[in-house]
Amino acid sequence: MQQAAQQSEQHSASVRKRPKPGERRLQILQTIAAMLQEGAAEKVTTAALAAKLSLSEAALYRHFASKAQMFEGLLDFTEETIFSLINQIESGQGSPSAKARDIVLMLLGFAEKNPGMTRVLIGDAIVNEDSRLQSRVNQLMERVEASLRQCLRLQRAESESSGPLDPTLQSSLAMGFVQGRWLQFAKSGFRKKPSDAADVAVRFLFP
């Protein structure tokens with residue numbers, strides 16, 4: 001009788017601890033991000049992901065229709081975070097040029113805090129995945145570049161001098177710098193920090 005009661009209690013505890021659907025989705029996304037960080041040269045497979053979570057692959061597909069949808073969930077987080085921070089920067093104090101510098105430094109800091117997502121942003125983790133993932137990353141980068149370009153156009157309008165560079169070229173160079181730092185970070189096994197001496201470099205981009 002006592003053993004049966006204990007088994008019943010253990011079963012009830014197991015049921016209580018079972019994650020809700022939204023919690024399980026978040027857990028899956030967090031695990032993918034961790035795997036991307038741990039194995040910089042490896043492709044994340046659903047089999048490996050399921051093993052990490054002690055789930056079946058079928059259980060994964062109860063929460064996401066495909067692996068591409070899992071990566072889209074990571075990109076949702078990335079877009080929400082980056083553009084929320086850009087909005088804060090744009091609505092804050094400081095010159096447009098200073099805001100452009102802050103946006104670039106924020107992008108480097110985001111990668112440093114989210115190493116696994118850096119592999120998605122440089123395209124490394126989504127090679128041979130659904131082509132719409134790379135298209136979405138490209139669109140994200142274009143939106144960020146447009147924000148930088150707008151800052152630089154405002155700076156040019158406020159300044160008596162037009163400056164040596166066109167805002168379109170300047171914003172393109174800035175994004176090249178960001179993506180180069182991201183690439184170095186990922187290819188160094190996340191040892192070469194994107195923020196190293198970045199404040200000095202950014203002042204050359206946006207004097």
Can you list the steps and then say if D166 with Q170 is a side-chain hydrogen bond (donor to acceptor under 3.5 Å, both in side chains)? CA-CA 6 Å; D166 176 79; Q170 200 172 359; over 6 Å; no
Any side-chain heavy atom of E72 sitting closer than 4.5 Å to one from R132? yes
Pairwise side-chain contact, M117 with V120, heavy-atom cut-off 4.5 Å (strictly under): yes
Give the minimum heavy-atom separation between [X] and [Y], together with the two atoms involved.
X    : Y    : result
I126 : Q134 : CD1-OE1, 3.6 Å
M70  : L60  : CE-CB, 4.0 Å
L152 : A100 : CD2-CB, 4.4 Å
P96  : E158 : CD-OE1, 3.4 Å
A125 : E129 : O-CG, 4.0 Å
Q155 : S97  : OE1-N, 2.9 Å

With side-chain contact (heavy atoms from CB on, under 4.5 Å) as the criterion, how do E38 and K52 come out once you've worked through the C-alpha distance, each side chain's angles and the decisive distance to 0.1 Å? CA-CA 12 Å; E38 292 167 3; K52 279 271 189 183; 3.1 Å; yes
When R136 is tested against each of D130, D76, T78 for side chain to side chain donor-acceptor pair (under 3.5 Å), which residue passes? D76
When rounded to the nearest 0.5 angstrom, what distance separates [atom1] in [X] from [atom2] in [Y]?
X    : Y    : atom1 : atom2 : answer
E145 : M175 : CD    : CE    : 6.0 Å
D102 : S95  : CG    : OG    : 9.0 Å
S171 : E142 : OG    : CD    : 11.5 Å
L107 : Q179 : CG    : CD    : 9.5 Å
I122 : Q184 : CD1   : CD    : 11.0 Å
L53  : T31  : CG    : OG1   : 4.0 Å

Polar side-chain atom of [X] near backbone of [Y] as donor-acceptor pair, under 3.5 Å:
X    : Y    : value
S172 : T168 : no
R191 : S188 : yes
K67  : V44  : yes
W182 : F177 : no
Q69  : A65  : yes

For residues 193-207, which side-chain N or O atoms pair as donor and acceptor with protein atoms under 3.5 Å away, sequence neighbours left out?
unit_1 : atom_1 : unit_2 : atom_2 : d
S195   : OG     : E112   : OE1    : 2.7
S195   : OG     : E112   : OE2    : 3.3

Applying side-chain contact (heavy atoms from CB on, under 4.5 Å), name anything that partners F77, two or more places apart in sequence or on another chain. T81, F110, N114
Quick one: side-chain contact (heavy atoms from CB on, under 4.5 Å) partners of I86, sequence neighbours excluded? I82, F83, E90, I103, M106, V144, S147
Determine the sole option in L133, I32, L121 for which the side chain to side chain contact (heavy atoms under 4.5 Å, CB included) test with L74 is passed. I32
L154 reachable from L173 in the ILVMFWY side-chain graph, under 4.5 Å edges: no
Scan side-chain atoms only and decide if R24 and Q27 contain a donor-acceptor pair under the 3.5 Å cut-off. yes
